[in-house]
Each structure stands twice: as structure tokens, then as C-alpha cells.
4 protein chains.
Amino acid sequence: MLNRVILIGRLTKDPEMRYTPAGVAVTQFTLACDRPVSQGKEKEADFINIVAWRQLAETCANHLKKGRLTAVEGRIQVRNYENNEGKRVYVTEVIADNVKFLDTNKDGSQRADRPDTARDPFQDDGKPIDISPDDLPF
Amino acid sequence: MLNRVILIGRLTKDPEMRYTPAGVAVTQFTLACDRPVSQGKEKEADFINIVAWRQLAETCANHLKKGRLTAVEGRIQVRNYENNEGKRVYVTEVIADNVKFLDTNKDGSQRADRPDTARDPFQDDGKPIDISPDDLPF
Amino acid sequence: MLNRVILIGRLTKDPEMRYTPAGVAVTQFTLACDRPVSQGKEKEADFINIVAWRQLAETCANHLKKGRLTAVEGRIQVRNYENNEGKRVYVTEVIADNVKFLDTNKDGSQRADRPDTARDPFQDDGKPIDISPDDLPF
Amino acid sequence: MLNRVILIGRLTKDPEMRYTPAGVAVTQFTLACDRPVSQGKEKEADFINIVAWRQLAETCANHLKKGRLTAVEGRIQVRNYENNEGKRVYVTEVIADNVKFLDTNKDGSQRADRPDTARDPFQDDGKPIDISPDDLPF
DNA sequence: TTTT
DNA sequence: TTTT
């Protein structure tokens with residue numbers, strides 16, 4: 001009924017964009033979210049898989065890079081499929097509907113790689129009515 | 001750095017409480033969160049695993065039942081282990097730190113099974129410093 | 001950049017729907033959100049003003065009533081105006097983009113007043129591009 | 001019952017720390033949260049007042065400055081008082097329980113002003129049991 | 001001005 | 001009274 005997630009973390013790798021058979025853009029990346037440090041423990045993180053569709057997929061693919069500090073808003077989705085050994089595998093992902101770049105570039109400039117011409121590309125309802133979890137090409 | 005989840009859904013089964021070898025209470029249950037309905041699709045839900053520790057584990061075990069409408073606040077945790085075939089398995093769960101019972105009972109009374117004597121037992125910081133994902137007994 | 005609120009509480013009164021001069025529906029109501037009880041204190045609540053626009057305004061006006069347990073998702077908005085004494089007054093509201101009715105009716109039935117025919121009327125992007133805080137008719 | 005806010009924005013001024021008569025530290029600052037840009041409108045922001053107590057108050061006062069990009073997690077609180085003209089004034093604030101510094105310093109270094117010796121000072125339950133909204137010294 |  |  002209500003399913004909302006907000007994460008801040010860093011990309012573990014460059015994002016990967018693919019297309020569904022129907023030609024819809026999907027971008028996948030993983031966010032490393034550091035857990036609050038507890039004494040006597042080394043630093044730990046949760047590695048959370050993010051999926052963005054359509055226009056949001058494209059802007060993520062164009063502007064995000066490994067290591068970038070990023071805020072993601074979305075919802076948890078759990079899908080399952082049968083693997084090649086006939087076993088059911090469950091995959092949990094966050095379907096993003098809002099992504100914010102929080103990093104400055106190494107030279108200190110602010111998000112210089114973001115095209116000025118884009119009319120806030122970060123708007124996407126994240127609820128594509130004709131796309132189901134099973135359309136994911138990975 | 002920041003990792004927050006808020007869910008409202010219904011329990012798919014009665015919760016299960018266990019204890020770690022060190023004697024810490026842990027309760028596990030699954031929340032069915034209906035996805036927004038899209039036309040031409042049958043109703044779908046995400047089934048999200050919830051974990052509660054300690055006092056929150058006990059109140060969840062005592063007061064939640066299959067079918068109950070429940071709000072859960074917490075953070076996403078991803079842990080992994082090697083299964084008996086030597087393969088790494090990834091498990092995603094929501095570690096609850098706040099759980100609210102939203103249901104009235106069938107007879108219309110409000111949460112009659114909740115003991116009056118408890119001074120809001122639903123307060124728990126959910127961040128037990130001496131417990132790690134690997135302590136989970138399931 | 002990111003501004004997200006999730007509340008669960010009860011309506012202090014019946015909601016009020018009005019129209020802007022341009023004919024857009026707006027509904028206003030107040031949610032009483034109980035604070036976590038602390039010992040030695042009587043029970044306290046925060047009374048938070050909610051605003052819903054357009055279709056969401058209409059479904060809120062039709063289905064919510066005083067006392068109903070309700071979940072609201074939205075964003076904080078702060079607007080200001082000059083009062084009749086020439087003083088600037090600041091008003092903080094939550095602009096809802098998702099509202100869930102959590103209550104059963106008194107007779108135990110589930111949300112019987114909600115028309116079956118409506119294709120989830122609770123979808124609204126809450127971001128009406130041609131409406132500004134100053135359009136509020138109250 | 002549930003009351004959660006997550007904001008990302010920039011400080012409009014340096015934070016101000018004070019003490020209650022009982023000697024408890026409180027820090028106040030304002031976050032400018034840009035609204036999603038809509039065409040035909042100049043850029044707008046919501047200016048949201050944040051309050052942090054105790055240890056979190058001190059780390060905010062020490063490490064935040066005007067202009068810093070900051071994530072705040074907390075809950076909405078509405079308090080009211082009678083002003084000097086005998087009128088009831090309502091004040092809405094976000095009581096922070098988690099604050100993250102998202103900015104690098106001007107020289108490109110990462111949060112160099114944060115003392116290494118502090119064992120994550122950003123943990124605070126934000127629910128001081130002996131403090132009420134009326135204790136605020138501003 | 002406040003809800004159960 | 002407002003930030004980049």
C-alpha cells in the first residue's frame with residue numbers, strides 16, 4: 001500500500017544501461033550505503049541494487065559514475081525467476097523515481113557534466129504502467 | 001550514509017521469533033505491499049522480509065498475526081552467505097526500528113490484544129551494537 | 001532538492017474542499033500525529049496541516065472524515081503572506097501526493113464508502129505545474 | 001503515530017546554538033530546499049526550520065555553515081505560544097535525529113573540519129525524554 | 001480551533 | 001530575514 005525508500009550512498013561501479021525488447025531504457029547500478037559504525041567492528045556497507053526506467057535511466061547513465069555520492073528515492077521491488085538449475089531465485093531492487101547527484105567534480109566545479117539544456121530531467125514518475133518487473137533485461 | 005524505508009502492508013503469515021546463540025530475540029515476518037494497480041494487470045504485490053530485534057522482536061511476535069495491516073519503518077540490509085552448494089546467496093531484508101499496528105480486530109475493538117501495562121513497547125533504536133547480520137538464526 | 005514526508009495520524013475534523021479562482025479543487029485537513037509517549041508527560045500530538053490538489057483533493061474530500069486513521073505521503077511547503085496588520089505570516093503545510101485510508105468502518109466493513117468503479121483514484125503526482133502556493137484559497 | 005521527514009538542502013545561514021535554562025544544547029538552522037522547477041516560474045525554495053538537541057546540536061553547530069549541502073532526517077513538530085499581543089502563534093519545525101554533511105570543502109578535501117576522534121557523533125535518538133517543545137530557547 |  |  002505504501003512503499004518508500006530513501007538512500008544516500010556511492011556507486012560501486014559505473015551504471016549500466018540496457019534496453020528491453022520493447023525498446024525501453026533501463027539503467028542498473030549499485031549503491032554502497034555505509035552502516036552506522038559500531039565500535040569493535042570494521043566499516044561495513046549495504047550494497048543495494050537500483051533500477052531506473054526511461055528518461056531517468058538515461059540521465060543516470062549519462063551523469064552517474066563509480067564513486068559518486070547519490071541520493072535515491074524509490075520503492076522496494078521483489079521479483080523472482082527460475083534459474084538454469086530450475087531453482088526459484090529472489091531479487092530485491094529499489095525502483096528509483098527520483099535521483100539526485102550530490103557530488104562536486106574532482107576539480108571542485110559543480111556537476112559540470114550536466115547539460116544546461118535539459119529541462120529538469122530528474123522528473124519521472126517511476127511507475128511505468130506498461131512495464132513489469134519481468135521486463136528487466138538482466 | 002542514509003538508508004530509510006517506510007512500508008505499509010499485511011503479514012503473509014504469523015511472525016516467527018527465534019533466539020541467537022547469544023540469547024537475543026529476533027522476529028521475522030513478511031509484508032505483502034500491494035503495488036499501485038495498473039490497467040490490464042492483475043493485482044500484484046511485493047513480498048518484503050522484515051526483521052526485528054530484541055524488545056521490538058517480542059512485541060511483534062506477541063501482537064502481529066497473519067493478515068494484519070502494519071506499518072514498518074527501518075533500513076534495508078543486504079547480507080550474503082554461502083549455501084550448501086558453495087554458492088553465494090544474497091538476502092535483502094528490512095531491519096525494523098519502528099512498527100505500528102494499524103488494524104482493528106474483527107469485532108471492531110481496537111488492538112485488544114495489546115497489554116495496557118506496556119509503556120510503549122514499540123520504542124527501540126533498532127541498532128543493536130553487538131549484533132551483526134551474520135547473527136541471524138535463519 | 002529532496003523533500004519527503006510520511007505521516008500516519010487521525011483527522012481532527014472533516015476535510016474541507018474549496019476551489020481556486022481557476023477552478024482547481026483543493027482539500028485541506030489536519031492530521032493529529034501522536035508523539036511517542038514519554039514518562040511523566042500526558043499524551044501529546046502534533047497537528048499537521050495537509051493540502052491535496054485536484055483528483056486527490058476530491059477523493060480525500062469524499063472518503064475522509066474526522067477521526068479516520070490515515071497515511072499521508074508528500075512534501076513540506078512553507079508559504080507566507082501579509083496579514084491584515086501588514087505582518088508577514090509563515091504557514092507550513094504538507095502537500096500530499098499519496099493518501100491511504102487505514103481505517104475500517106464502524107461496522108467492521110472495509111472502506112465501504114469507496115466506490116468500486118474508481119480506477120485507483122489515489123494516484124496523483126501532487127506536482128501541478130500551473131499551481132503555486134499562492135493559489136491556495138485559504 | 002508515524003512522523004518521518006527526510007530533506008536535502010542548503011543552510012541559509014550559519015547555525016545558532018543556544019542552551020535551555022537546564023543547560024541542554026539546542027541548535028537551530030534553516031534549510032533551503034529547492035522545489036522541482038516548473039516552466040514559466042522562477043526558481044523557488046521552501047525554507048524549513050530545523051532543530052537539533054544535545055550532542056547532535058553540538059556537532060551541527062561545529063560542522064555546518066551557511067551554504068552547506070546537508071541531509072536531515074527527523075520529524076515534524078508543531079508548537080504554539082502566545083505572542084506579546086496575546087495572539088497564538090504556530091511554529092512548525094523539523095526535529096532532527098540524523099544529519100549528514102554532503103559537501104566537500106572548497107579545496108576539494110572531504111569534510112576536513114570533522115574531528116577524526118569523534119566516534120560517529122551523528123548518532124542521537126532525537127527523543128530527549130525530559131525536553132518538551134516549550135523548552136526551546138527561541 | 002484539535003484525533004483515537 | 002533566506003541557500004547553490
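Residue numbering restarts at 1 for every chain, and letters A, B, ... go by the order of the sequence lines. On a predicted model such as this, the values are computed, not experimentally measured, just so you know. When reading the values below, keep in mind they use all heavy atoms of this one structure, side chains included, and skip hydrogens, waters and symmetry mates.
Atom CG in C:D46 sits about 14 Å away from atom P in E:dT2, given to the nearest Å. Between the P atom of F:dT4 and the NZ atom of D:K66 lies a distance of 6 Å, rounded to the nearest Å. Rounded to an integer number of Å, the gap from CG of D:D14 to P of F:dT4 is 11 Å. Nucleotide F:dT4 holds its P atom 11 Å from the CG atom of D:D34, rounded to whole Å. Computed from coordinates, the D:K87 NZ to E:dT1 P distance equals 12 Å when rounded to whole Å. Atom-to-atom, CZ of C:R35 to C1' of E:dT2 comes out at 13 Å; the value is rounded to the nearest Å. Separating the CE atom of C:M1 from the P atom of F:dT3 is a distance of 17 Å, rounded to the nearest angstrom. Remark: P of E:dT3 and CZ of C:R10 are 12 Å apart, rounded to the nearest angstrom.
Legend: residues meeting side-chain hydrogen bond (donor to acceptor under 3.5 Å, both in side chains) with C:Q28, ordered by chain and number and at least two apart, are C:N49. Applying the side-chain contact (heavy atoms from CB on, under 4.5 Å) rule to D:E85 yields the partners C:E85, C:K87, D:N83; only residues at least two apart in sequence or on another chain are considered.
For D:T12, the side-chain atoms get nearest to F:dT2 when compared with the rest of F:dT2, F:dT4, E:dT4. Nearest nucleotide to the side chain of D:T30, out of F:dT2, E:dT1, F:dT3: F:dT2. In this structure, of E:dT1, F:dT2, E:dT3, it is F:dT2 that holds the atom nearest to the side chain of C:Y90. Of the candidate nucleotides E:dT4, E:dT1, F:dT3, E:dT1 has the atom nearest to the side chain of D:R88.
By the 4.0 Å N-to-carboxylate-O rule, A:R10 lies close enough to A:D103 to be salt-bridged with it.
No donor-acceptor distance shorter than 3.5 angstrom exists from the side chain of C:N98 to the backbone of C:E73, with no hydrogens or angles considered.
Residue C:G67 is classed as a sugar-phosphate contact, given heavy-atom separations below 4.0 Å to backbone atoms only.
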